[in-house]
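Inspection log for the structure reproduced underneath, given as structure tokens.
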Amino acid sequence: MTHPRPDPQAKSLIDFWADAGALDPEEVEAHYAAFPAAPADAPAPSHSGTPESPAPTRGKRPEPRRLSNNPIAEARQLAASATSLEALKRTIEQFEGCPLKQAARNTVVYDGSTDAPVMIVGEAPGAEEDARGLPFVGRAGQLLDRMLATIGLSRETNVYITNCIYWRPPGNRDPSPAELQICAPFLARQIELKAPKLLLTAGKFATQAMLGVEDGIMRLRGRKLWFKQAGLPAAIPCIPMLHPAYLLRRGPDKARAWDDLLTIAALCDELGVKRGEGL
Ligand code: URA
């Protein structure tokens, strides 16, 4: 009987001794049978394991992380291909071009009603937002909800909330200009798909990024300004607000924030935005 598949390395050794006249044919067959070849789909031999801890068997290799060398162009192209806010959210969640994603626990895109007439844009997720995957859910977010409630606005009914940046900057540092640029096409597309009647920017950072201005928030807050973007049928009224995180630290400025809420409520009425119970 001929052994069908001896191990190739064992075979060459056995053949060497047979050629040298040291083994007769029966011994050759017996040696072949003693060193069968590994099944075709067995893991390849590895030298990295030890007898105590065998090397892990090779599974399917994970897809290598694809880092784009032009993340802004990629973000633009991906944003343009999303035809709904839900699809855009999934696209942002899958996007690998922003380095902030590497340290973040979650991608934070938006909260609230997708057909809400009022859209609020903040800066970037903080620790609580990163943990829960939703914008403005920490202490600042809770204050924002209370402020909005006083004028009959809420994310349950008439407000949609997002940020300029979708991943938490480590240690809550300011996002860099590059991170802002990478995320900008996604914010622009959200505004395009949402087409809100009224935009509110929370804090200096979002206000400057959205309106392309350099004035401080104390100068801009509570003013009716205009947000313009190519592709929008018309400019959208935009009121900058003091950031609720700032108000948590600077209680006395709540009086200013109250004045701004009254301005926002009046503009909602002018624009035909339905407000709930409140003022
Ligand atoms: N601050 C922001 O600007 N956005 C959030 O989502 C939370 C805090």
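Counting starts at 1 for both ligands and their atoms, in listed order. Nothing fancy with the numbering, it's 1 onward along the sequence.
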- Sub-4.0 Å heavy-atom approach of H243 to ligand 1: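 Flag set, H243 near ligand 1.
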
- Query: Nearest protein heavy-atom contact for atom 4 (N) of ligand 1: which residue, which atom, what distance?
  - Reply: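 Protein heavy atom at minimum distance: N163 OD1, 2.8 Å.
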
- Query: Short list, please: which atoms of ligand 1 are under 4.0 Å from a heavy atom of G122?
  - Reply: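 Once the distances to G122 are compared, the set is 3 (O).
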
- Message: So that I can tick it off, tell me whether K101 and E179 are bridged by a salt bridge, with the cut-off set at under 4.0 angstrom between side-chain N and carboxylate O.
- Response: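 No, this pair does not count.
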
- Task: Just go through G141, A124, G126, P135 and tell me whose heavy atom is the nearest to atom 5 (C) of ligand 1.
- Result: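 The option holding the nearest heavy atom is A124.
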
- Query: Is there at least one pair of N or O atoms, one from E129 and one from ligand 1, spaced under 3.5 Å apart?
  - Reply: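 No.
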
- side chain to side chain contact (heavy atoms under 4.5 Å, CB included), paired with E123, selected from T207, N172, D174: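 Testing E123 for a side chain to side chain contact (heavy atoms under 4.5 Å, CB included) against T207, N172, D174 leaves exactly one candidate, D174.
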
- Should T201 and M241 be marked as a side-chain contact (heavy atoms from CB on, under 4.5 Å) after you check the CA-CA gap, both sets of side-chain angles, and the distance that decides it? CA-CA 6 Å; T201 51; M241 302 166 64; over 6 Å; no

- Message: Is the distance from the ring center of F95 to that of Y166 below 6.0 Å?
- Response: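 Here the rings of Y166 and F95 have centres that are no less than 6.0 Å from each other.
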
- Task: Classify the side-chain pair Y160/Q190 by whether it contains a donor and acceptor separated by less than 3.5 Å.
- Result: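 Indeed, the side chains of Y160 and Q190 share at least one donor-acceptor pair under 3.5 Å.
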
